[in-house]
Q: 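Input: one structure, supplied below.
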Amino acid sequence: MALRAAAARLASSSLRRRHLLPAALLSPATINPAVFLHSHATSFGYKQVREDEKSKLVGNVFSSVASSYDVMNDLMSVGLHRLWKDRLISKLNPFPGMKHLDVAGGTGDVAFRVVERIKSVSHRATQGTLTDLEEDTHIYVCDINPNMLDVGKKRAAEKGYNEDHCLSWVQGDAEALGFEDGSMDGYTIAFGIRNVTHIEKALSEAYRVLKKGGRFLCLELSHVDVPIFKDIYDAYSFSVIPAVGELVAGDRQSYQYLVESIRRFPKQEKFAQMIQEAGFERVEYENLVGGVVAIHSGLKL
């Protein structure tokens with residue numbers, strides 16, 4: 001009976017969405033500008049480090065795993081990360097002529113999906129004729145790690161995107177984006193925001209660069225809330241993933257950090273509140289696979 005009840009909770013949680021109060025109803029005391037200037041989120045996995053050390057340590061991790069990143073994603077998620085990213089893009093609903101920013105997307109997984117969806121929509125509407133709107137489309141891939149960007153550029157060339165002017169690769173920091181205010185129709189970040197030093201700053205920057213009506217979407221590994229499944233997931237995360245990382249990528253330590261960083265990331269409700277405090281409205285989230293991952297979204301209105 002306990003297993004049956006847990007399975008029922010797991011199925012329902014995978015489709016659950018929760019709305020918080022509109023940002024406009026938050027009291028002035030709740031939205032405190034000071035939180036964007038100061039943060040005590042100085043953890044590197046389970047270790048406490050100085051803020052000026054974290055970005056360097058995270059950079060070392062992703063430099064180490066860049067070449068095996070896609071293979072490890074497939075192994076760690078049993079291929080499910082592809083479906084999760086497809087779901088992210090369906091929520092984004094890309095359109096011809098959009099200006100979109102994908103942050104921490106160096107390998108291009110999300111950006112390629114955005115481009116392919118836009119081309120599919122445009123070609124169905126125009127029976128294969130290239131439209132002016134499609135020519136105006138531009139997708140920016142921003143990542144702080146040059147090794148991850150190199151992987152993405154190589155994959156783009158393999159896909160035939162090397163001559164495609166709608167894709168730009170930019171080395172940059174999620175906490176200090178080099179884009180103008182109100183310049184983007186959409187902003188995505190997949191499996192990246194938990195690695196920034198100050199989550200509040202990254203959210204503030206996302207809000208700044210979006211146009212009015214722009215959508216923020218974040219796909220991130222999150223917190224399982226079904227007791228029996230949580231125990232299984234924890235055992236898999238701490239025992240299997242680092243071991244696979246050592247076997248495939250020759251790097252157990254980096255994948256140990258990745259597992260620990262998930263546990264240190266705010267729970268779904270707390271992260272949704274942080275998104276609201278950055279100024280976004282109509283904030284909601286959807287749990288997938290019982291909370292193994294969650295997609296948070298918000299609008300700049």
Q: Carefully, step by step, assess Lys85 and Asn73 under the rule side chain to side chain contact (heavy atoms under 4.5 Å, CB included).
A: CA-CA 12 Å; Lys85 290 167 183 171; Asn73 276 346; 4.1 Å; yes

Q: Is there a side-chain contact between Phe216 and Lys300 in this structure, where contact means two heavy atoms from C-beta onward sitting under 4.5 Å apart?
A: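 Answer no - side chains too far apart.
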
Q: Show every salt bridge (Lys or Arg N to Asp or Glu O under 4.0 Å) that has at least one partner inside residues 71-82, sequence neighbours left out.
A: Asp74-Arg82

Q: I'd like to check Val289 versus Val224 (side-chain heavy atoms, cut-off strictly below 4.5 Å). Are they in contact?
A: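 Of all side-chain heavy-atom pairs linking Val224 with Val289, none is under 4.5 Å.
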
Q: Can you tell me which residue among Arg155, Lys153, Glu116 is in a side-chain hydrogen bond (donor to acceptor under 3.5 Å, both in side chains) with Tyr161?
A: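 Only match with Tyr161 under side-chain hydrogen bond (donor to acceptor under 3.5 Å, both in side chains): Glu116.
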
Q: Can a donor-acceptor pair be found, under 3.5 Å and without considering hydrogens, that links the side chain of His100 to the backbone of Gly186?
A: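 Pair found, side chain donor or acceptor close to backbone of Gly186.
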
Q: Please check if the side chain of Glu175 supplies one atom and the backbone of His198 the other of a donor-acceptor pair under 3.5 Å.
A: yes

Q: Can a donor-acceptor pair be found, under 3.5 Å and without considering hydrogens, that links the side chain of Ser120 to the backbone of Arg117?
A: no

Q: Would you say Arg208's side chain and Gly182's backbone share a donor-acceptor pair under 3.5 angstrom?
A: no

Q: Do Leu75 and Phe238 belong to the same hydrophobic cluster, where Ile, Leu, Val, Met, Phe, Trp and Tyr are linked whenever their side-chain heavy atoms lie under 4.5 Å apart, directly or via other members?
A: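 Yes, Leu75 and Phe238 fall within the same hydrophobic cluster.
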
Q: Is it true that atom CD of Glu158 has more than 12 heavy atoms of other residues, nucleotides or ligands lying nearer than 6.0 Å?
A: yes

Q: Can you see whether Gln171 engages Asp143 through a side-chain donor-acceptor pair at a distance of less than 3.5 angstrom?
A: no

Q: Run the side chain to side chain contact (heavy atoms under 4.5 Å, CB included) check on Asp109 and His81 step by step: do they pass?
A: CA-CA 10 Å; Asp109 248 12; His81 75 99; 3.6 Å; yes

Q: Test of understanding: clusters of I, L, V, M, F, W, Y form through side-chain heavy atoms closer than 4.5 Å, transitively. Do Leu217 and Leu301 belong to the same one?
A: no

Q: Checking Gln268 side chain against Ala294 main chain: does a donor-acceptor pair fall under 3.5 Å?
A: no

Q: Mind checking whether His296 and Phe271 have parallel, tilted or perpendicular rings, split at 30° and 60°?
A: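 Ring orientation of His296 relative to Phe271: perpendicular.
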
Q: Evaluate the side-chain proximity of Glu286 to Arg87: yes if any heavy-atom separation is below 4.5 Å, no if none is.
A: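 Sidechains of Glu286 and Arg87: in contact.
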
Q: Check whether more than 12 heavy atoms from other residues, nucleotides or ligands sit under 6.0 Å from atom NZ of Lys230, and answer yes or no.
A: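 Atom NZ in Lys230 is not packed in, count stays at 12 or less.
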
Q: Any donor and acceptor pair, going by atom type alone, linking the side chain of Ser222 with main-chain N or O of Val293 inside 3.5 Å?
A: no

Q: Where the side chain of His223 meets the backbone of Phe265, is there a donor-acceptor pair that is under 3.5 Å apart?
A: yes

Q: If only side-chain N and O atoms count, and only distance matters, is there a donor-acceptor pair under 3.5 Å linking Glu269 with Gln273?
A: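 Result is no, nothing qualifies.
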
Q: Shortest non-hydrogen contact from Tyr285 to Ala272?
A: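 Shortest heavy-atom contact: CD2-CB, 4.3 Å.
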
Q: Enter the distance from Ser297:OG to Leu219:CG here, rounded to the nearest 0.5 Å.
A: 12.0 Å

Q: Just by distance, do the side chain of Gln256 and the backbone of Pro242 share a donor-acceptor pair under 3.5 Å?
A: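 Judged by distance alone, no pair lies under 3.5 Å.
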
Q: Do the side chains of Pro94 and Val121 get nearer than 4.5 Å, heavy atoms only?
A: no

Q: On a heavy-atom basis, which atom in Asn195 and which in Ser261 lie closest, and how many Å separate them?
A: OD1-OG, 4.2 Å

Q: Give the cluster check for Leu83 versus Leu92: same hydrophobic cluster or not, with ILVMFWY residues linked at side-chain heavy-atom distances below 4.5 Å.
A: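 Yes, it is one cluster - the side chains of Leu83 and Leu92 are joined through contacts under 4.5 Å.
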
Q: Taking Ser183 for the side chain and Phe179 for the main chain, is one N or O donor matched with an acceptor at less than 3.5 Å?
A: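 Between the backbone of Phe179 and the side chain of Ser183 there is no qualifying donor-acceptor contact (under 3.5 Å).
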
Q: Is the shortest heavy-atom distance from the side chain of Ser168 to the side chain of Val141 under 4.5 Å?
A: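 Side chain of Ser168 against side chain of Val141, heavy atoms only: no contact under 4.5 Å found.
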
Q: Show, in sequence, the C-alpha distance, side-chain angles and deciding distance for Leu167 and Phe112, and conclude whether the side chain to side chain contact (heavy atoms under 4.5 Å, CB included) test is met.
A: CA-CA 9 Å; Leu167 268 176; Phe112 298 149; 3.9 Å; yes

Q: Going through the distances and angles, do Phe95 and Ile118 end up as a side chain to side chain contact (heavy atoms under 4.5 Å, CB included)?
A: CA-CA 5 Å; Phe95 55 88; Ile118 289 173; 5.9 Å; no

Q: Going only through I, L, V, M, F, W and Y residues with side-chain contacts under 4.5 Å, is there a path from Leu299 to Phe280?
A: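 Cluster IDs for Leu299 and Phe280 differ.
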
Q: Can you list everything that forms a salt bridge (charged side-chain N to carboxylate O under 4.0 Å, His left out) with Asp150? Sequence neighbours excluded, please.
A: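 Salt bridge (charged side-chain N to carboxylate O under 4.0 Å, His left out) list for Asp150, sorted by chain: empty.
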
Q: Quick one: does Lys201's side chain get under 4.5 Å of Asp173's, heavy atoms only?
A: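 Of all side-chain heavy-atom pairs linking Asp173 with Lys201, none is under 4.5 Å.
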
Q: Ignoring hydrogens, what is the shortest heavy-atom contact between Cys142 and Leu101? Give both atom names and the distance.
A: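 Heavy-atom minimum between the residues: CB-CD1, 3.9 Å.
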
Q: Have Tyr207 and Asp181 got a donor and an acceptor in their side chains that come within less than 3.5 Å?
A: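 On atom types as modelled, these side chains do not qualify, holding no pair under 3.5 Å.
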
Q: May I ask you to decide whether Arg263 forms a salt bridge with Asp234, counting only side-chain N to carboxylate O separations under 4.0 Å?
A: yes

Q: Give a yes or no on whether the backbone of Tyr236 and the side-chain of Ser239 come within a donor-acceptor separation of less than 3.5 Å.
A: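 Checked: no pair found.
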
Q: With side chains defined as the heavy atoms from C-beta onward, is the minimum distance between Val110 and Phe191 less than 4.5 Å?
A: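 Of all side-chain heavy-atom pairs linking Phe191 with Val110, none is under 4.5 Å.
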
Q: Could you please spell out the steps behind the salt bridge (Lys or Arg N to Asp or Glu O under 4.0 Å) verdict for Asp185 and Lys99?
A: CA-CA 5 Å; Asp185 296 293; Lys99 301 293 186 291; over 6 Å; no

Q: For residues Val103 and Thr188, determine if any side-chain heavy atom of one lies less than 4.5 Å from a side-chain heavy atom of the other.
A: no

